[in-house]
> 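Before anything else, here's the structure in question.
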Amino acid sequence: MSRRGRRRPPGTRCHTAALIALVLVAAALFIDAAALHAGAGTSADGQIVDGSDTARLLAPGAAVIAPYANAGYRLERDPTDPEVWQVTVDLEPLESRTAFHLPTRDPAAAAMTPVERLARGLTRDARDQHIATSRILGWIARSIRYDLDRSAPQEPTRVLARRSAYCTGVARLAVALLDAVGIRAREVAGYVVESPDPVRGAPGAGFHRWIEVWVPDRGWV
């Protein structure tokens, strides 16, 4: 969706009690470094800006994995080794042409919730869906602090009020903000395998939650 494809640092990791029937495996799983950057162009600072990025990974333990694909991301079994999976990320710009129009609000409707008020304020003059989505996700990245507190409610209004959450709350707030301005989004549950990082507070292997956004001329992204 961006003008420049680039690898982002891993998102906030967290465990969740909810299991899903099919576990989507992130590209961070046991990456074979020799297979990275296949055919990908890089900028002076090492960021991937075009082409594709491919990684081979070995599934952890008894994890249940299903092939998966959306606009720019594909997970599939390696045809040469049934125990290895391959992740391919298409780094070409998505070039979405979807215009954005802030939904008209009925004057007789109930007062705006804090979530709706924030979403409309962030996207008021956005000319396309990419810009509107980027503003919402950018605000969350700047404003919501990661806090792995299991006792804290993760509903969007509670997360917004206290400005902190773990991955589930962050995903739910993002979906709620996008939905408030008519942009379809959904939570995606998955699993991350990574060494614990005491500096960042990342617990390592565990369940994680992302979101996908529906872009009419691209599909789920």
Side-chain angles (χ1 to χ4, degrees), residues 1-2 5-29 68 70-73 75 87 89 94 100 112-124 126 129-215 220-221:
M1 194 185 303
S2 62
R6 55 174 66 219
R7 285 185 302 158
R8 296 188 304 169
T12 303
R13 272 62 171 154
C14 74
H15 301 274
T16 178
L19 293 176
I20 58 173
L22 296 177
V23 178
L24 304 178
V25 181
L29 302 181
Y68 177 77
N70 67 14
Y73 178 90
L75 171 68
V87 172
V89 181
L94 291 178
F100 174 77
M112 283 193 287
T113 66
V115 168
E116 184 183 4
R117 186 179 303 111
L118 173 61
R120 293 180 72 89
L122 290 171
T123 61
R124 183 167 46 245
Q129 184 172 310
H130 174 211
I131 292 174
T133 301
S134 297
R135 287 182 181 176
I136 287 174
L137 299 184
W139 184 91
I140 291 174
R142 294 189 305 272
S143 308
I144 303 300
R145 177 176 56 87
Y146 175 68
D147 183 7
L148 190 55
D149 179 359
R150 296 295 180 201
S151 65
Q154 299 299 301
E155 290 78 12
T157 54
R158 303 292 288 276
V159 170
L160 183 59
R162 68 172 183 270
R163 297 290 201 275
S164 68
Y166 53 90
C167 65
T168 298
V170 171
R172 289 177 180 172
L173 177 59
V175 169
L177 287 167
L178 291 163
D179 182 68
V181 290
I183 298 174
R184 290 176 61 195
R186 65 187 181 189
E187 297 178 42
V188 180
Y191 195 84
V192 173
V193 174
E194 185 180 58
S195 298
D197 185 340
V199 176
R200 288 193 298 117
F207 293 96
H208 186 48
R209 195 156 298 232
W210 294 265
I211 71 162
E212 288 183 334
V213 176
W214 174 258
V215 182
W220 287 106
V221 177

> Would a 4.5 Å heavy-atom cut-off, applied to side chains only, mark Leu178 and Ile211 as touching?
yes
> Could you pull out all residues at least two apart from Arg135 that satisfy side chain to side chain donor-acceptor pair (under 3.5 Å)?
Asp125
> State whether the number of non-hydrogen atoms from other residues, nucleotides or ligands found under 6.0 Å of Arg158 atom CZ is greater than 12.
no
> Does the side chain of Phe100 reach to within under 4.5 Å of the side chain of Val181, using non-hydrogen atoms?
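The answer is yes, as the side chains (C-beta and beyond) meet within the 4.5 Å cut-off.
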> With a 4.5 Å limit on heavy-atom distance, are the side chains of Ile144 and Trp139 in contact?
yes
> Restricting to non-hydrogen atoms, name the atom on Ala119 and the atom on Leu177 that form the minimum distance, rounded to 0.1 Å.
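Closest pair (atom of Ala119, atom of Leu177, distance): CB-O, 3.3 Å.
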> On the ring face of Tyr166, is Arg209 found with NZ or CZ under 6.0 Å from the centre and within 45° of the axis?
no
> Does any pair with a residue in residues 162-179 pass salt bridge (Lys or Arg N to Asp or Glu O under 4.0 Å), and if so which ones, sequence neighbours excluded?
Arg172-Glu187
> For the residue pair Val221 and Thr133, establish whether any side-chain heavy-atom pair is separated by less than 4.5 Å.
no
> How close do Ala126 and Ile131 get, counting heavy atoms only, and between which atoms?
CB-CG2, 3.8 Å
> By ring pair (Phe, Tyr, Trp, His ring centres under 6.0 Å), which residues pair with Trp214, not counting sequence neighbours?
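Trp214: ring pair (Phe, Tyr, Trp, His ring centres under 6.0 Å) contacts with Trp220.
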> How long is the gap from CG on Leu173 to CG on Leu137, to the nearest 0.5 Å?
10.0 Å
> Apply side chain to side chain donor-acceptor pair (under 3.5 Å) to Asn70 and list each qualifying residue two or more places apart in sequence or on a separate chain.
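In terms of side chain to side chain donor-acceptor pair (under 3.5 Å), with neighbours along the sequence ignored, Asn70 is linked to Glu212.
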> Can you sort out the partners of Gln154 under side chain to side chain donor-acceptor pair (under 3.5 Å), two or more places apart, ordered by chain and number?
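Checked Gln154 against side chain to side chain donor-acceptor pair (under 3.5 Å); zero matches.
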> Using only atom types and a distance under 3.5 Å, with no angle test, would you say the side chain of Thr113 pairs donor to acceptor with the backbone of Glu116?
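Yes, the answer is positive, given that a donor and an acceptor are paired below the 3.5 Å cut-off.
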> Do Val159 and Val170 have side chains that get closer than 4.5 Å, going by heavy atoms?
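The answer is no, as the side chains (C-beta and beyond) never meet within the 4.5 Å cut-off.
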> Please name all residues satisfying salt bridge (Lys or Arg N to Asp or Glu O under 4.0 Å) with Glu155, sequence neighbours left out, ordered by chain then number.
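For Glu155, no residue satisfies salt bridge (Lys or Arg N to Asp or Glu O under 4.0 Å) once neighbours in sequence are set aside.
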